[in-house]
Amino acid sequence: MEQNERTTSFYRFEDLRIYGKAIDYSQWILTTLKEPSTKAEKELAKSFSNSAFAIGLNIAEGSSRNKAQFEHYLKISKTAIRECVVFTEIAHKTNMLGETEYETSRNSLMELTRMIGALIISLQHGSRRHRDEEPQNDGETSEAGNSDIDDFDIDTNF
């Protein structure tokens with residue numbers, strides 16, 4: 001296969017870099033958190049993992065929806081990121097994350113936040129660009145915004 005050719009996944013969201021980063025973060029959390037020894041630590045690890053999983057899950061779910069809904073699910077992913085920020089702080093204060101892991105988690109979460117924000121902006125600009133380019137069609141309503149990610153004019157660099 002030539003270097004310029006790119007294979008795409010059956011599920012297009014798998015081609016989004018942001019999805020891959022979200023999955024990497026979830027996997028990192030699973031392998032990095034110290035083994036919980038108390039009931040409270042077990043609950044923290046479970047909640048932390050669930051929030052980390054929610055980042056990728058919402059990207060995947062939203063990608064199958066129209067642009068407005070995808071944007072909504074991306075915002076839910078950002079909520080899960082903020083939850084992970086709180087869990088990172090608590091895990092650090094309870095010594096479930098060391099100093100290096102604490103910094104790594106925060107940096108990863110900041111990167112995910114920036115990438116999701118950029119994808120949201122891209123979707124919003126794409127919607128405006130699409131509306132501006134659409135010809136008027138004698139009062140018929142447009143189907144713009146009712147397509148899934150396969151029809152999005154977005155770069156998978158997000």
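On a predicted model such as this, the values are computed, not experimentally measured, just so you know.
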| field | Derivation of the side-chain contact (heavy atoms from CB on, under 4.5 Å) call for Phe70 and Leu74 | value | CA-CA 6 Å; Phe70 189 21; Leu74 290 171; 3.8 Å; yes

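- Residues Ile18 and Val85 are members of one and the same hydrophobic cluster, defined by side-chain heavy-atom contacts under 4.5 angstrom among Ile, Leu, Val, Met, Phe, Trp and Tyr.
- Nearest heavy atoms, Ile116 versus Ser77: CD1-CB, 3.7 Å.
- From Leu119, atom CG reaches atom CD of Glu71 across 9.5 Å, with rounding to the nearest 0.5 Å.
- Rounded to the nearest 0.5 angstrom, Lys67 NZ and Ser122 OG are separated by 8.5 Å.
- In this structure, OG in Ser63 is found 7.0 Å from CG in Leu16, a value given to the nearest 0.5 Å.
- Leu33 and Val86 fall within the same hydrophobic cluster, where Ile, Leu, Val, Met, Phe, Trp and Tyr residues are linked whenever their side-chain heavy atoms come under 4.5 Å apart, directly or through other members.
- In this structure, the separation between CG on Asn107 and CG on Leu112 is 11.0 Å, given to the nearest 0.5 Å.
- Rounding to the nearest 0.5 Å places CD1 of Ile23 at 9.0 Å from CD of Glu14.
- At least one donor-acceptor pair under 3.5 Å links the side chain of Thr104 to the backbone N or O of Thr100.
- No path of Ile, Leu, Val, Met, Phe, Trp and Tyr side chains, each step under 4.5 Å between heavy atoms, connects Ile29 with Phe53, placing them in separate hydrophobic clusters.
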| message | Set out, in order, the CA-CA distance, both residues' side-chain angles and the distance that settles side-chain contact (heavy atoms from CB on, under 4.5 Å) for Arg114 and Met110, then state yes or no. | response | CA-CA 6 Å; Arg114 284 191 296 270; Met110 286 187 281; 3.8 Å; yes

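- Side chains of Lys75 and Asn58 form no contact here, defined as non-hydrogen atoms less than 4.5 Å apart.
- With hydrogens and angles disregarded, no donor-acceptor distance shorter than 3.5 Å links the side chain of Lys34 to the backbone of Leu97.
- Minimum interatomic distance between Ala45 and Pro36 (heavy atoms only, all atoms of both residues): CB-CG, 4.2 Å.
- Put simply, Met115 and Tyr73 are part of two different groups of oily side chains (I, L, V, M, F, W, Y) that touch within less than 4.5 Å, one to the next.
- Between the side chain of Ser47 and the backbone N or O of Leu44, no donor-acceptor pair lies under 3.5 Å.
- Across every non-hydrogen atom of Ser105 and Thr88, the tightest pair is OG-OG1, 2.7 Å.
- Residues Ala60 and Phe13 share a closest heavy-atom pair of CB-CE1, 3.6 Å.
- Of the candidates Phe48, Tyr25, Tyr102, Phe87 forms a ring-ring contact (aromatic ring centres under 6.0 Å, His included) with just one, namely Phe48.
- At a threshold of 4.5 Å between side-chain heavy atoms, the hydrophobic network of Ile, Leu, Val, Met, Phe, Trp and Tyr places Ile55 and Ile76 in two separate groups.
- Contact check on Arg65 versus Glu61 returns a salt bridge, with a Lys/Arg side-chain nitrogen under 4.0 Å from an Asp/Glu carboxylate oxygen.
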| message | Lys42 vs Thr38, test: side-chain contact (heavy atoms from CB on, under 4.5 Å). Steps then yes/no. | response | CA-CA 6 Å; Lys42 287 177 185 171; Thr38 67; over 6 Å; no

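- Looking at Glu41, its side chain does come within 3.5 Å of a backbone N or O of Ser37 through a donor-acceptor pair.
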| task | Show your working on side chain to side chain donor-acceptor pair (under 3.5 Å) between Glu101 and His92 and close with a plain yes or no. | result | CA-CA 8 Å; Glu101 292 84 6; His92 178 61; over 6 Å; no

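- Under the 4.0 Å criterion applied to side-chain N and carboxylate O atoms, Glu89 and Lys93 are assigned as salt-bridge partners.
- To the nearest 0.5 Å, atom CG of residue Leu109 and atom CD1 of residue Ile81 are 6.5 Å apart.
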